[in-house]
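Some notes on the structure that comes next.
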Amino acid sequence: MEFQLKMFAEHGLKAVCFVEPLHTIALGNEFLKEIIRIVRKYGHDLQLHLHTEWLSRLDKSLLPSGRHGQNLHCFTEEEQTQLIALGIEKLRDCNVESLAAFRAGNYGADNATLRALVRNGIKYDSSYNIPYLDSECKIQTDARLNQPAEVEGLLEIPINNFRDFRGLRHTQLCACSSEEMENVLLQTWKKGWNSFVIVSHSFELIQRGPIISKCRVNRINVKRFQRLCRFLSGNRDKFRTCTFSAVPDFTVSPDLVLEQISMNPFLTFGRLLQQARQRLPF
């Protein structure tokens, strides 16, 4: 994680780190405090993230019902309100005072999640992910969102996606080639979009083996990450990275919300070749 945050800072870019605090109930505050220290060291934004899988790791349930669940949408609105409040409390125990945004683990939110966030004073959600709407993500809207829109009393800022010849693909570092990412960014700039959200995790830069000692650097994803930083830094006239702590004012346009970006099939074919080469044993 520190490698990524340092590189963002070196390129003058701002990142948002959605940090999961429920693990502290099982593991204590040590790891969380270290994550917060690193995020602050490089001047990035820290916001709330919850993985409810941690409830099944506890000797005693956090909820009166004793309910466990893989995703937040497995819980009632009241239970979600309690879990979100607990996450906020755990971050405040580690001196994180100001929280504005949330993303559900596995994108596993529903409309009750959004109402629970409002009850906890959270202004923004970024759990909405169109390719996951038929699985983990259960947020229902009148139309599919590709740009920010008000939903259940807060501003939903969706993770972006594009359509290729295989279907919809969300913009995640490990899921898109550099050429695809740059192409879709330039398309949205030309269309005048207000927002473009890219997802990444620190583990994407590691190629996991059968045991920890066999893990190695994922060179393709590291190169993608470095190139993305150079691209955004070199195109400041078109793109500005910002945090949820400092979301600029903009007008939500119904036309932009509904727009869909399509990908050049040759760029997608190039990614498939790249991924196939990565899987070779030599």
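Throughout, numbering of the chain's residues begins at 1 and tracks the sequence.
Relative ring orientation between F231 and F239 is described as tilted, the plane-to-plane angle lying within the 30° to 60° band. Between W54 and H23, the ring planes lie tilted relative to each other; the angle falls in the 30° to 60° range. The aromatic rings of Y124 and F244 lie tilted to each other, with the angle between the two planes from 30° to 60°. In this structure, F225 and F3 have tilted ring planes: the angle between them lies in the 30° to 60° band.
In this structure, the side chain of N218 engages the main chain of N221 through a donor-acceptor pair within 3.5 Å. The backbone N or O of N160 lies less than 3.5 Å from a partner atom in the side chain of T171, making a donor-acceptor pair. In this structure, R67 contributes its side chain and F75 its backbone to no donor-acceptor pair below 3.5 Å. Between the N264 side chain and the F266 main chain, a donor and an acceptor come within less than 3.5 Å of each other. At least one donor-acceptor pair under 3.5 Å links the side chain of Y128 to the backbone N or O of L145. Looking at Q147, its side chain does come within 3.5 Å of a backbone N or O of N194 through a donor-acceptor pair.
The shortest heavy-atom contact between S127 and A104 is OG-N, 2.9 Å. Nearest heavy atom pair, residue T24 against residue L32, reads CG2-CD2, 3.6 Å. Closest approach of K123 to L154, counting heavy atoms only: O-CB, 3.3 Å.
Residues Q187 and N183 have side chains that bring a donor and an acceptor to within less than 3.5 angstrom of each other. In summary, the side chains of S245 and D45 do present a donor paired with an acceptor at a separation below 3.5 Å, with no hydrogens or angles considered. For the residue pair D110 and Q140, no side-chain donor N or O sits within less than 3.5 Å of a side-chain acceptor on the partner.
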For this session: Could you check L46 against I35 for side chain to side chain contact (heavy atoms under 4.5 Å, CB included), going step by step and ending with a plain yes or no?
Result: CA-CA 10 Å; L46 192 149; I35 291 169; 5.5 Å; no
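Cluster membership check: L186 shares its hydrophobic cluster with I261, using side-chain heavy-atom separations under 4.5 Å among Ile, Leu, Val, Met, Phe, Trp and Tyr.
Looking at residues two or more places apart in sequence or on another chain, you find a side-chain contact (heavy atoms from CB on, under 4.5 Å) between N106 and H51, E53, Q70, N71, E136. With sequence neighbours excluded, the residues satisfying salt bridge (Lys or Arg N to Asp or Glu O under 4.0 Å) with R115 are E77, E152.
A salt bridge is absent between R92 and E89: the closest approach of a Lys/Arg side-chain nitrogen to an acidic carboxylate oxygen does not fall below 4.0 angstrom.
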